[in-house]
J.: 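What follows is a single structure, and I will ask about it in a moment.
Residue numbering restarts at 1 for every chain, and letters A, B, ... go by the order of the sequence lines. The figures here come from the full heavy-atom set of this structure, side chains too, leaving out hydrogens, waters and symmetry mates. Note that the structure is predicted; figures quoted are calculated from it, not measured.
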Protein chains: 2
Amino acid sequence: MTSEETLEQFNLRKTKIRIAVLDSLSQSAVAQSYSTMQNALHEFDRITLYRTLLTLTEYGLIHKAYEENGESFYARCFGCTGQLHNHEHLHLKCSSCGGVECVEISDQLKSSLAQLPFQEINISAKGACKACASA
Amino acid sequence: MTSEETLEQFNLRKTKIRIAVLDSLSQSAVAQSYSTMQNALHEFDRITLYRTLLTLTEYGLIHKAYEENGESFYARCFGCTGQLHNHEHLHLKCSSCGGVECVEISDQLKSSLAQLPFQEINISAKGACKACASA
DNA sequence: TAGTTTTTGCAACATTGTTGCATTTGTTGC
DNA sequence: GCAACAAATGCAACAATGTTGCAAAAACTA
């Protein structure tokens with residue numbers, strides 16, 4: 001599904017920056033930081049980018065995958081809604097390239113997590129991402 | 001062990017703010033945010049607080065337990081060094097009082113995590129902390 | 001295409017992170 | 001306790017991000 005179709009499905013206006021952000025995150029293997037996106041989308045105002053990220057997060061189209069030292073990394077969200085996120089993965093911050101990758105987790109780990117009496121469980125880790133590990 | 005003795009053990013100078021920060025975090029059941037500490041320790045300069053947190057983190061006396069929306073929460077660190085942290089717990093952000101609590105995790109979950117080929121594995125969750133759950 | 005609603009871009013300000021530097025404080029040897 | 005040295009503090013200054021208000025522009029609807 002194209003970014004335009006996705007926005008239409010959620011009854012969101014198809015503006016240039018929303019399409020650009022969704023396109024960019026959809027094509028990216030890793031989650032992107034605010035500053036990275038700001039550089040890539042420098043034709044747009046930074047406040048507009050900020051508000052676009054808020055809106056897309058609110059509707060569950062993207063989510064903040066990782067946050068470190070005040071830097072936020074956003075990823076395209078599939079199978080999530082504004083309320084419920086698909087947490088069948090962990091967020092791996094690559095020690096080599098600095099990118100943030102979503103990694104599937106084992107069934108054993110999933111069942112262990114399912115027993116916890118908490119919501120919004122989030123696992124992050126550091127190591128080598130797929131691209132850097134195979135390089 | 002008192003905060004003064006701890007600082008001595010690590011060959012760190014026993015300054016007022018270091019003792020105040022260690023005392024505050026040692027007595028606190030939950031991790032404290034930068035702004036909370038800034039308010040509590042307003043007789044000290046905010047840059048000094050910032051550098052104190054850096055130094056104590058570097059020596060493994062405290063650690064950044066949780067980070068959300070640019071707000072960092074610090075906790076007293078026991079059984080950790082600058083290099084290796086004791087990650088036998090998860091960080092629970094209380095939906096009610098906003099505090100961050102360290103919660104012990106099950107052996108099953110520990111063994112699941114031990115199988116992951118990553119370092120610095122960190123789990124955070126949202127729910128009711130001990131104090132708020134029993135209230 | 002005109003009218004309505006939403007979004008954008010800009011100004012403005014708050015908070016946090018960060019560095020340089022002069023002053024103050026902690027520590028050590030006498 | 002005091003002098004001397006090293007380290008830490010407090011302040012100025014600036015960068016990045018977060019956040020709100022508002023007029024202009026763009027997207028949608030009839």
J.: Between D:dT20 atom P and A:L54 atom CG, what is the distance in whole Å?
T.: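 Taking atom P of D:dT20 as the reference, CG of A:L54 is at 9 Å.
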J.: Of the candidate nucleotides C:dT7, D:dA8, C:dC10, which contains the atom at the shortest distance from the side chain of B:R13?
T.: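 Taking heavy atoms from C-beta onward, the closest nucleotide is D:dA8.
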J.: Please report the distance, rounded to the nearest Å, between CD in B:E71 and P in C:dA14.
T.: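 The distance from CD of B:E71 to P of C:dA14 comes to 18 Å, rounded to the nearest Å.
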J.: Taking CD from B:E8 and P from D:dA7, how many angstroms apart are they, rounded to a whole number?
T.: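 The distance from CD of B:E8 to P of D:dA7 comes to 17 Å, rounded to the nearest Å.
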J.: On the 0 to 90° scale, with breaks at 30° and 60°, tag the B:Y59-B:F10 ring pair as parallel, tilted or perpendicular.
T.: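 Geometry flag for B:F10 against B:Y59: perpendicular rings.
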J.: Mind listing the closest non-hydrogen atom pair of A:R46 and A:Y34 along with its distance?
T.: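 Here A:R46 and A:Y34 meet closest at O-OH, 3.3 Å.
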J.: Round to a whole Å and report the spacing from CE of B:M37 to C1' of C:dT16.
T.: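 One finds 13 Å between C1' of C:dT16 and CE of B:M37, rounded.
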J.: Across all strands shown, which nucleotide pairs with C:dC30 by Watson-Crick or G-U wobble geometry, both distances under 3.5 Å?
T.: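 By the stated definition (distances under 3.5 Å), D:dG1 pairs with C:dC30.
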J.: Is any side-chain nitrogen or oxygen of A:T55 closer than 4.0 Å to OP1 or OP2 of C:dT7?
T.: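 So the side-chain polar atoms of A:T55 never come under 4.0 Å of the phosphate oxygens OP1 or OP2 of C:dT7.
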J.: Working note: A:E68 + A:K93, criterion salt bridge (Lys or Arg N to Asp or Glu O under 4.0 Å); need CA distance, chi angles, decisive distance, verdict.
T.: CA-CA 10 Å; A:E68 188 183 32; A:K93 174 79 190 276; 3.2 Å; yes
J.: Give the nucleotide from the list D:dA12, C:dA11, C:dG26 with an atom nearest to the side chain of A:I47.
T.: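 Of all the options, the side chain of A:I47 is nearest to C:dA11.
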J.: A:Y34 has a side chain; which of C:dG17, C:dT8, D:dT17 sits nearest to it?
T.: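 So the nucleotide nearest the side chain must be D:dT17.
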J.: From CG of A:L7 over to P of D:dA26, roughly how many Å is that when rounded to an integer?
T.: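 Going from A:L7 (CG) to D:dA26 (P), I get 18 Å.
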J.: I need the CD-C1' distance between A:E43 and C:dG9, as an integer number of Å.
T.: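 That distance rounds to 14 Å.
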J.: Between C:dT8, C:dG17, D:dG18, which nucleotide gets closest to the side-chain atoms of B:Y50?
T.: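 Closest of the options to the side chain of B:Y50: C:dG17.
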J.: Looking at D:dA8, D:dG21, D:dA13, which one has an atom nearest to any side-chain atom of A:R51?
T.: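 Comparing D:dA8, D:dG21, D:dA13 against the side chain of A:R51, the answer is D:dG21.
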J.: Below 4.0 angstrom from OP1 or OP2 of D:dT17, is there any side-chain N or O of A:Q38?
T.: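 True: A:Q38 side-chain N/O within range (under 4.0 Å) of D:dT17 OP1/OP2.
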J.: Return the value, rounded to whole Å, for the distance between atom NZ of B:K14 and atom C1' of C:dT24.
T.: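 It works out to 18 Å between those atoms.
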J.: Both A:R46 and A:R18 contact DNA chain C. Which one's nearest nucleotide lies toward the 5' end?
T.: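 Its nearest nucleotide lies further toward 5', so the answer is A:R18.
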J.: Please figure out whether A:S72 or B:T52 has its closest DNA chain D nucleotide nearer the 5' end.
T.: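 Its nearest nucleotide lies further toward 5', so the answer is B:T52.
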J.: Take A:L49 and B:S35, find for each the nucleotide of DNA chain C with the closest heavy atom, and name the residue whose nucleotide sits nearer the 5' end.
T.: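 Nearest-nucleotide comparison on DNA chain C picks A:L49.
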J.: Got a donor-acceptor contact below 3.5 angstrom from the B:N69 side chain to the B:E71 backbone?
T.: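 No, because the side chain of B:N69 does not come within donor-acceptor range (under 3.5 Å) of the backbone of B:E71.
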J.: Take atom CG of B:D45 and atom P of C:dC21, then tell me their distance rounded to the nearest Å.
T.: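 Rounded to whole Å, this separation is 18 Å.
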J.: Would you confirm whether A:E4, through its side chain, and A:I19, through its main-chain N or O, come within 3.5 Å as a donor-acceptor pair?
T.: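 Flag not set: sc A:E4 to bb A:I19 has no pair under 3.5 Å.
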J.: So B:T48, base contact, sugar-phosphate only, or nothing? Heavy-atom distance under 4.0 Å.
T.: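 Touches a base.
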